[in-house]
Amino acid sequence: MGSWFSSRAGDQRTIARAKQEITDAMLKSKLIDLRAHKRQRDELIAMKMAVGRDSLHYSLGFYAAMVSANIFRVLRYRRWEMLPVSHIPFIAGPIFFLYNVDGCYGNKMERLNIEKETILRTEKHWFNSPIVLPVSMEQDYRALMKETNARLSLLGCLPEPEWAVFSDHSDDEQLWRSASPLSRILHEQLRRPDFAPPVDLDPLD
C-alpha cells in the first residue's frame with residue numbers, strides 16, 4: 001500500500017513538473033513572438049518616418065528652387081515681381097520626375113534603409129522604447145534574456161538590449177499631464193467615468 005501511495009505521489013509530481021515545463025515553454029514562445037512583433041512594428045514606423053523625411057527633403061528642394069527662380073527674376077527685370085503661376089509646373093515637374101527616377105533607378109531604397117536604422121539605433125521615440133509587460137512575465141523574460149545573451153556571447157556578439165519593462169499599473173495622472181492642452185479639452189467628453197483628472201492646487205489659495 002505504501003509503495004502505491006509513493007508511486008502515486010511521484011506521478012503527481014511528474015505531471016506537475018510537466019505542466020510547469022509546458023507553461024514555461026508557452027510563455028517563452030509568447031515572449032519571442034512579442035519581441036518579433038515589436039521589432040516589426042518599430043521598423044515599420046521608422047520606415048514611415050524615413051519616407052516622410054525623404055519627401056520633406058525633396059519639398060525643401062522645390063521651395064529652394066522657387067526662391068532661387070524668384071530672386072533671379074527680380075535681379076533680371078530690376079523690379080519686385082513674383083514668378084507667374086504658369087511657370088510653377090516647369091520647376092515642379094522636373095523635381096517630381098527626379099523623385100520618381102531616384103526611387104526607380106537611384107539609391108533611394110538604400111538611403112531609406114540607412115535612415116530607418118539611424119532612427120531605430122540613435123533616436124529616442126515612444127515606439128523604440130521598451131514595451132510594458134505584466135510583472136508576472138518578468139521571471140520568464142529574464143530567463144529568456146539570459147539564454148539569448150549566453151548564445152550571443154558564444155558567437156562573440158554584443159548582448160541584446162533590454163526591450164521590455166514590467167508594471168501592472170499605468171500612471172493615468174502622468175499620462176493626463178503629458179497630453180497637450182487642446183487634447184485635454186477634447187478628451188473631456190470622451191474620458192472614462194472612473195478617471196478623475198488631477199487638479200492643480202495653488203498653495204497660495
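Proximity of N128 to E43: side-chain heavy atoms (C-beta onward) are nowhere separated by under 4.5 Å. When side chains are defined from C-beta on, K30 does not count as touching M26, because their heavy atoms never get closer than 4.5 Å. Contact of the M137 side chain with the L34 side chain is registered, since non-hydrogen atoms from C-beta on lie closer than 4.5 Å. The shortest distance between side-chain heavy atoms of E115 and I119 falls below 4.5 Å. Proximity of K38 to D42: side-chain heavy atoms (C-beta onward) are separated by under 4.5 Å at one or more points. Here the side chains of F166 and V132 are not in contact, with every heavy-atom distance at 4.5 Å or above.
Between K108 and D54, at least one side-chain N (NZ, or NE/NH1/NH2) sits under 4.0 Å from a carboxylate O, which counts as a salt bridge. Salt bridge R142/E162: present, at least one basic N to carboxylate O contact under 4.0 Å.
For the atom pair CG of L27 and OH of Y141, the computed distance is 15.0 Å after rounding to the nearest 0.5 Å. If you take CG on L144 and CD on E147, they are separated by 6.5 Å, rounding to the nearest 0.5 Å. H37 contributes atom NE2, which lies 10.5 Å from atom CD1 of I131 (distance to the nearest 0.5 angstrom). Put simply, CG on N149 and CG on L158 are 10.0 Å apart, with the number rounded to the nearest 0.5 Å. Between the OG atom in S153 and the NZ atom in K146 there is a gap of 12.5 Å [rounded to 0.5 Å]. Going from atom CG of D140 over to atom NZ of K28 covers 10.5 Å, rounded to the nearest 0.5 Å.
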Intermediate values then yes/no, side-chain contact (heavy atoms from CB on, under 4.5 Å), L152 and E160: CA-CA 8 Å; L152 291 174; E160 182 179 9; 4.1 Å; yes

Verdict with reasoning, L44 to Q40, per side-chain contact (heavy atoms from CB on, under 4.5 Å): CA-CA 6 Å; L44 178 61; Q40 184 179 11; 5.7 Å; no

Candidate pair R39 and W163, rule side-chain contact (heavy atoms from CB on, under 4.5 Å), full reasoning: CA-CA 9 Å; R39 178 66 182 178; W163 55 270; over 6 Å; no

Worked verdict on E123 versus K116 for salt bridge (Lys or Arg N to Asp or Glu O under 4.0 Å): CA-CA 10 Å; E123 298 182 11; K116 179 203 69 175; over 6 Å; no

Derivation of the side-chain contact (heavy atoms from CB on, under 4.5 Å) call for T122 and E117: CA-CA 8 Å; T122 65; E117 292 297 328; over 6 Å; no

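Connection of M145 to L31 is established within a shared hydrophobic cluster, with ILVMFWY side chains joined at heavy-atom distances below 4.5 Å, either directly or through further cluster members.
Listed by first and then second residue, the side chain to side chain donor-acceptor pair (under 3.5 Å) pairs that reach into residues 89-103 are S55-Y99, Y58-D102, D102-R111, sequence neighbours excluded.
Residues P130 and A164 approach most closely at CB-N, 3.6 Å, considering heavy atoms.
Using cut-offs of 30° and 60° for the angle between ring planes, the F90 and H87 rings count as perpendicular. Relative orientation of the F96 and F62 rings is parallel, given thresholds of 30° and 60° on the angle between their planes.
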